[in-house]
Each structure stands twice: as C-alpha cells, then as structure tokens.
Amino acid sequence: MRGFPFFLVCLAVAAAVFLAARLTNNGYVFFAGYVVLQYVVMAVGWNILGGYTGYVNFGTAGFFALGAYCTVALEKLVPLPLPVVMLAGGVVSGALGLGMGYLTLRLRGAFFSIATLAMAVVAQTFMVNWPFVGGSAGAFVIRPETAEYFGIDYIRYLFLLMLGLCVIVIAVARLIERSRLGDGFAAIRDDELAAEASGVPTLRLKLFATALSGMFLGMAGAPLPFYVTYLDPPSAFSLAYAVNTIAMPLIGGTASWPGPLIGAVLIATLQQVATVTISSAVNLLIVGLVLVGFVIAAPRGIIGWFGLDRRARAHPRRLAVGRT
Amino acid sequence: MYFSFSLLGDAIVSGLLLGGFYAGVTIGVSISFGMLDIVNIAHPAFIILGSYCAYVANSVFGVDPIVASLMLSPLFYLLGAGIYQVYHVSFERRGDGGLRGLAFFFGLLFITEVLLVLVFGVDYRLVRAVYIGPSLHFGAIELPLRLLVPCLASLAMIGGLQLFLSRTFLGRAILAVAQDAGALRLMAADPVRIKRIAFALSIATASVGGAILIVIQPVEPSLGREYIGRVFAIAVLGGLGSFGGTVVAAMVLGIMESLTATFYGPSWSPAVAFGFLLLALAVKPAGMFGR
C-alpha cells in the first residue's frame, strides 16, 4: 500500500514523542502537550479543505464543539470507550460538514465562509437551549483516574489518543496530496471554472473535503470534555479555536501538510508558554497580529521560506502531463 | 407560549424599529461586500469599536452618543482608507483576495475584539441620553424612544448615502466601480481611488452604527460576533448593494427576531438570523429581489 512506509515513520516519531514526554516525568508536559497535539489535528484537518481547495472554514469552533458535545451526550446515554466516542463525534461533525457544504458550496467561496461562521452560532444557540447536555449552565464530566485498558494516568491516555489522531490525520493529508484527489483539490483552488470545464467533479470533491475536514475537527473536539471536565457553550464554541486553526496553517504554509504541522506546533507551544507567563488575552492578540502579518508579508508561510511547498506548487504542470 | 394580539402588535412594531436599526449597521457591508466585493467580515468589530467611542464620548464628555458618532466618523473614514490601502496592496493587486483576504479581515476582527477587551474589560457598557427610557403612545401601540431614535438616525444616514450615490459625481463613480472597474478607468477615473473612498465610507458608517447599537443595548467586546450573521444575512437577502433591499430585508429579519423573542424566548433569537442566512444562501443567494 502506498504511503505505508510514511505511516510507519509517523508512528515511530509519535512513539518517540510519547517516550520523550514520559522521560521528563512531569505531568504538566502531558497536560500542555495535549493542547498542542489537538491543534496539530485541527490545523492539518482544517487545511484539507482550506489549504487544498481554498475554501475558508470559519466555523471550526462549531465542528470542534459538536464533537465535544457528542461526547457529553454519549456519556449520559451509554458509556463507551473513548476511541469509539471520538469516532462518533467525527461522524456527526462530518455529517454536519456535508450538509453545510451541500447548502453553500455551489456559491462563491466567500458565501461558504460566512455560512460556516453562521453555522457555529446556530449550533451554539442549540446547545444553549438543550438542557440534556447542560444548556447554558454547562455540563460536568467526571474524568476517570486511569484509562480502562491501559492502566495509565488519564491525561496521558488522552495525550496518547491525540497523538494517534495526529498520525492518522497527517498520513491522510499526505495521501490526499499525492493522489488524484489532491490534484483535483488543487485544480479547484487554482481555477474552479477551468477545473469544472476539464471534467473535475468539483462539487463532489468539495463535499468530500468538507466532510473529511469536519470529521477531523469533530474528532479533535471529542476528548475535550474529559480534558477540561466542565464544558459550557461559550468556552466550547470560543472564537479562539477558529482563529488559531486558521492562523496555524497560514503561518506554516497551506500548500502541504508540514505547513499546518509546523504552524500548530509553533503557535500552540508559544501560546502555552505565554498563557503561563503573560496572560491569555495578550497571547490571543499576538496570534491575531502574527496572522495578519503573515498573510500580508509571507503569503506562502514558513514552508515557503524553505521551498518545502515546491512539490505542491508544481501541481498544474503535473496535471497537464497526467499522474507521475 | 402565551398569545395575544396586543403582544403580536407590539412585537411587529418593535421588529420594524429594530429592522431600521439593523439596516444602519448593515449598510457598510452592503457597500463593501455588495458593491466592492470586499468580504469585510470585520465590519461588526468596527461597529463595536464605534460603540465604545460613543461610550467614551458620552461618559467622559457627556456628549450625546449619536452626535458624538457623527463627529467621530471622519476618523473612521481615515481608518477605512488605511485598511483599504493595506488590503489593496497586499491582496487585491496580487489577485489574492480569496483565502488570504478573508483571513486578513478575520485577523482584524479578532485584534479589534482583543484590544477592546484589554482596554475596557469584558463588562457591559451603556450610555446615557434623554431618549433612553420614555415612550410615545399612539392608541394601543407603544413606541419606545430608545428604538425609535436609532431607527430614524439609521434611516436618515441611509437616505443621505443614497442621495450621495445617485446625485454626486463621486457617488455615481462608486456605483460604476461596482459594475465595471475597467470601464471606469477608460473614463479617466482611478478605480482604486474610488474604491478606497467607498470602502472608507463603509467604515465611517460603522461609527454611527456603533452609536445606535449602544443606545439600543449594552455592549461588550464580543457582541460583534452575533452581528456577523445578522449583517451578512441582511446584506445577502437585500440583494447585495441595493440600499432599498437592505432596508426591507433588515425589517423582515427584525420582525422575525422580535416575534421569536416574544413567543419563544430571547435565547433563540441569534439562531433566527443565522438560520435565515443559511436558508437564504441555500434557496435564493441572489437576494429577495435579485440583482
């Protein structure tokens, strides 16, 4: 299977990260590291739609929170193992993405962006008015001391799960980039009309990208209730998620998966440090300023500096000569 | 759910007044998004900035908020001109208005909001004026002045803008740049300059929009987000760039929200605007009157 060696390399890197985190023997490393990994999943997942097809999703917080609320609801109905719950959250968010996309993707790109923002607020209003998942008062979720099968501390278990999700999302993103699907996405991004005219099934590809991207955002949100133990609508639907998730790929570079990965690790780590040392409002301000600075001054992001996006930028030629 | 005709009448009247106010906060987006094709999703943040300016003028100098906002609008005009210049040089000229342009405005939205939080905190702020409180009575219908005055101020502003656009050379040039920038260049008018003026005007309306907002309700920095959906729903439904359409769409939304708040409870009303928008995009993206 193509991409399998890369998958193994990713697994090895992930194992090394986990071991390194264990070696520090510091609980806080796992606690802060979880957030960094969560942003890696969100940034790479967002980029499948935003970076590859060029459709900007502002509703990240909606997909993310939906995954989290899915966990809260399932926790009250039937207690399932967390990986299954994550999958369920992913399916729900993916379905939401599909529905959204179906409503708006036939329009110009800006309409899609505005509609995603609107969707997040509609979803938030529904959660506020739904007492079963806590309503506006919020919901408490009890975090077990240790994970059921692994017998390790639960925060470490969450860290491990998120690390696994990182491996999956990166492998999927790379697979897409190197497949016909990625070529189709790039064609949509570069010139949708020309792509449609050349026989690229644009609507179907866009729907696929929206659903897949939404699914990863939802899966990233699913473990959140166990991480924070208390979930209320304003914090789950926080605009900070949307800004961070857009800023990270744009800062790292949207053309290829290393971009969002680098951006997420950089910005999320910086934020974790700044939250502890300065204040959380100031660190959000920094993210906003860096985002605006990068889109103005460095449109290709950090990977553009090193030419890492060369392969992705060569797409139009590759399309012309067929698969290489 | 309790129903009575006097409740229904009150809801419709306050919906109409609310709609007039919504038209005032939307008109800037009708210009920037509808005419210039600039997706300024930061517009609601500038409206909140306008609210805080009116708040400062009112609480420190005791000036009436709406009068203060008119005096401050030249500053907003300059701010708008500056933003357009950056936008034009960095995105429009490179033909890169899509993803990065949107991210730019999203960043501006966020920066404005966080700056307001850092300066003023997250408490609700309000203003004092003689027309906040009393109501006019016409038979059974009650007209609260705190809704009536913003509605009239907003309609006056829109009327003035409409006159400017249809009667003056500059205004007609703005309408022309919305249709065909290339042709404008052939007429020896600089489309970039015209667009800069139009965009600056759209931001200047945010000053007045902010003042009437803070007259109607107390304001906190993140309130702007609720208005993103409203403002774009109205702009899209109004047919993007048509002022008359904007006013009608705003009043329809105002009535729908007011009915929802009266009969189902105010916690549902944000969903009305956004649901309205999603429905509009799905069913009739060209707006109620088309273009």
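If you're wondering where the values come from, they're calculated on a predicted model, not measured in any experiment. Side chains included, hydrogens not; waters and symmetry mates left out as well; all remaining heavy atoms used. Throughout, a chain's letter reflects where its sequence line sits, starting with A, and its residues are numbered from 1.
Proximity to chain B (any heavy atom under 4.5 Å) is shown, for A:S136, by neither the backbone nor the side chain. For B:V89, no part lies under 4.5 angstrom from a heavy atom of chain A. Only the side chain of A:L291 comes within contact range of chain B, with heavy atoms under 4.5 Å apart.
Contacts between residues 115-123 of chain A and chain B, counted as heavy-atom pairs separated by less than 4.5 Å, involve A:A115, A:L117, A:A118, A:V121, A:V122. Using a 4.5 Å heavy-atom cut-off against chain A, the contacting residues of residues 104-113 of chain B are B:F104, B:F106, B:G107, B:L108, B:L109, B:F110, B:I111, B:E113.
Considering only residues two or more places apart in sequence or on other chains, A:K206 meets the side-chain hydrogen bond (donor to acceptor under 3.5 Å, both in side chains) condition with A:Y55, A:E192.
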Just list the side-chain donor-acceptor pairs under 3.5 Å for residues 233-247 of chain A, sequence neighbours left out, or say none.
unit_1, atom_1, unit_2, atom_2, d
A:S235, OG, A:D232, O, 3.1
A:S235, OG, A:D232, OD1, 2.6
A:S238, OG, A:A240, N, 3.1
A:N244, OD1, A:Q271, NE2, 3.1
A:N244, ND2, A:Y39, OH, 3.0
A:N244, ND2, A:A240, O, 3.2
A:N244, ND2, A:Q271, OE1, 3.4
A:T245, OG1, A:Y241, O, 2.5

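To the nearest 0.5 Å, atom CG of residue A:L289 and atom CG of residue B:L115 are 7.5 Å apart. B:L102 contributes atom CG, which lies 4.5 Å from atom CZ of A:F58 (distance to the nearest 0.5 angstrom).
When all heavy atoms of A:I114 and B:F232 are compared, the closest pair comes out as CD1-CD2, 3.3 Å.
Within a 6.0 Å radius of OH in A:Y102, no more than 12 heavy atoms belonging to other residues, nucleotides or ligands are found.
The choice from A:V295, A:N129, A:V290, A:I296 that makes the most heavy-atom pairs within less than 4.5 Å of chain B is A:N129.
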